[in-house]
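By convention in this document, chain letters (A, B, ...) are assigned in the order of the sequence lines, proteins followed by strands, and residues within each chain are numbered from 1.
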Amino acid sequence: MKSMVDISNFLYPKTLEEAERIQKEFLKKLVLVPLDFSKVSLIAGVDVSYVDDQALGIVVVINKNFEIIEVVHERLKVTFPYIPGFLAFREAPVILKCFEKLKNTPDVILFDGQGIAHPRRLGIASHVGILLNIPTIGVAKTILYGKCEKPSFVGQATELKDRNGEVIGFCYLSKKNTKPIVISPGYKTDLESSLHIVKSLLNGFKLPEPVRLAHYYSQKLKM
DNA sequence: GCGACAG
DNA sequence: ATCTTGTCGC
């Protein structure tokens with residue numbers, strides 16, 4: 001996949017204030033529209049793990065039959081600390097590096113983290129989606145921002161709402177004896193389509209297959 | 001000022 | 001995320 005990202009400026013803020021300005025600027029570019037899963041053929045999953053001060057990024061591309069089409073990985077020294085609300089500034093660099101190497105162009109990308117379920121609507125899924133101009137969805141293991149009632153049975157989705165009561169995502173019980181996952185649209189997807197797509201990719205596991213595989217490979221690559 | 005707080 | 005063994009539940 002060809003690199004079309006004008007890296008450098010907004011990728012490495014020097015202060016939190018600068019990072020917040022970038023998020024507010026990116027918010028203007030945020031687009032939330034339905035994504036027809038029937039027109040999707042390639043789905044990517046992204047994950048990042050760490051070894052000392054090195055970030056290991058992984059992108060796994062599968063088709064709708066859950067067959068692995070491509071896997072790429074890259075390493076990059078981390079330059080930004082982990083600060084809730086600013087995860088993208090820590091992980092986007094190595095993720096973008098992976099996409100520069102990727103030959104396929106996925107129709108939608110699933111992230112391990114939030115989409116718009118974020119204080120400024122700019123979780124890592126939204127952030128990277130804007131940079132790549134590819135539809136994205138956030139699939140997190142815990143809530144960063146917002147409140148929702150706990151789903152009580154497998155398959156139930158409860159609305160995740162912000163302080164104003166606006167729905168920004170869903171808490172979804174994808175499997176028995178597990179914690180609900182947090183689903184939110186990232187970019188060029190919406191609430192309904194992001195939930196539908198994630199459900200379609202579960203394949204019996206807690207996390208959608210692309211994300212599960214990405215996490216699996218990122219861990220295995222360190223052995 | 002006191003909690004909450006993706007990976 | 002990462003440091004780490006066994007263990008409860010399906």
Contact check, side chains of A:I109 and A:Y187, non-hydrogen atoms, under 4.5 Å: no
Nucleotide nearest A:P84 (side chain, heavy atoms from C-beta), chosen from B:dG7, B:dC5, C:dT2: B:dC5
Rounded interatomic separation in angstrom, taking CG from A:D53 and P from B:dG7: 22 Å
Stacking check A:Y82 vs C:dA1 (5.5 Å / 30 deg): no
Sugar-phosphate, base or nothing in reach of A:F86, heavy atoms under 4.0 Å: base
Residues touching DNA chain C, which here means a heavy atom under 4.0 Å, drawn from residues 20-27 of chain A: none
Residue pair A:F111 / A:I95, side-chain heavy-atom distance below 4.5 Å: yes
Members of residues 136-148 of chain A that approach DNA chain B, where some heavy atom sits under 4.0 Å away: A:A140, A:K141, A:T142, A:I143, A:L144
Lys/Arg-Asp/Glu bridge criterion (N-O < 4.0 Å) met for A:R21, A:E17: no
Length of the line joining A:F80:CZ and C:dA1:C1', which is rounded to integer Å: 16 Å
Rounded distance in Å - CZ (A:R75) to P (C:dA1): 17 Å
Distance, rounded to the nearest Å, where A:F89 contributes CZ and B:dA6 contributes C1': 14 Å
Length of the line joining A:K220:NZ and C:dA1:P, which is rounded to integer Å: 18 Å
For A:C98, disulfide bond (SG atoms under 2.5 Å apart) partners two or more places apart: none
Pick out the pairs of N or O atoms, protein on one side and nucleotides 7-10 of chain C on the other, that lie under 3.5 Å.
none

A:K222, NZ atom: more than 12 neighbouring heavy atoms under 6.0 Å: yes
Consecutive-pair stems (at least three Watson-Crick or G-U pairs, under 3.5 Å) that include DNA chain C: none
Listed partners of A:Y217 passing side-chain hydrogen bond (donor to acceptor under 3.5 Å, both in side chains), at least two apart: none
Donor on one side chain, acceptor on other, A:Q54 and A:R75, under 3.5 Å: no
Sugar-phosphate, base or nothing in reach of A:H127, heavy atoms under 4.0 Å: nothing
Mutual orientation of the aromatic rings belonging to A:H127 and A:F89 [parallel < 30°, tilted 30-60°, perpendicular > 60°]: perpendicular
Strand-adjacent residues in residues 111-123 of chain A, judged by heavy atoms under 4.0 Å from DNA chain B: A:D112, A:G113, A:Q114, A:H118, A:G123
Full working for salt bridge (charged side-chain N to carboxylate O under 4.0 Å, His left out) between A:E100 and A:K97: CA-CA 5 Å; A:E100 288 176 16; A:K97 192 175 179 183; over 6 Å; no
Sugar-phosphate only, base, or nothing, as touched by A:K222 at under 4.0 Å among non-hydrogen atoms: sugar-phosphate
A:R120 vs A:Y145, side chain to side chain donor-acceptor pair (under 3.5 Å): CA-CA, chis, key distance, verdict: CA-CA 10 Å; A:R120 291 168 293 284; A:Y145 177 70; over 6 Å; no
Per-nucleotide pairing state of DNA chain B [Watson-Crick or G-U, under 3.5 Å; [ ] pseudoknot-crossing; | other strand]: .......
Side chain of A:D47 - closest among B:dG7, B:dA6, C:dA1: B:dG7
All side-chain contact (heavy atoms from CB on, under 4.5 Å) counterparts of A:P93, not counting sequence neighbours: A:L11, A:Y12, A:L76
Test item: A:N133 and A:K188 side chains (from C-beta on) under 4.5 Å apart, heavy atoms: yes
A:K101/A:E70 ion pair, N-O < 4.0 Å: no
Student check: side-chain heavy atoms of A:L201 and A:I43 closer than 4.5 Å: yes
Euclidean distance, atom CD of residue A:E91 to atom P of B:dG7 [Å, nearest integer]: 9 Å
For A:N63, all residues meeting side-chain hydrogen bond (donor to acceptor under 3.5 Å, both in side chains), sequence neighbours excluded: A:E67
Listed partners of A:S200 passing side-chain contact (heavy atoms from CB on, under 4.5 Å), at least two apart: A:F37, A:H196
Please produce a list of atom pairs where a protein N or O lies less than 3.5 Å from an N or O of nucleotides 1-3 of chain B.
none

Where A:I143 and A:C171 come nearest, the two heavy atoms and their spacing: CD1-SG, 3.9 Å
NZ/A:K147: more than 12 non-hydrogen atoms of other groups inside 6.0 Å: no
Gap between atoms CG and C1', on A:L160 and B:dC5 respectively (whole Å): 14 Å
Whole-Å distance separating the CG atom of A:L87 from the C1' atom of B:dG7: 5 Å
Plane angle bin for A:F26 and A:F10 - parallel if under 30°, tilted between 30 and 60°, otherwise perpendicular: perpendicular
A:A117 to A:L160 - nearest heavy-atom pair and separation: CB-CD2, 3.7 Å
Modelled atom types, side-chain donor and acceptor of A:Y82 and A:E91, under 3.5 Å: no
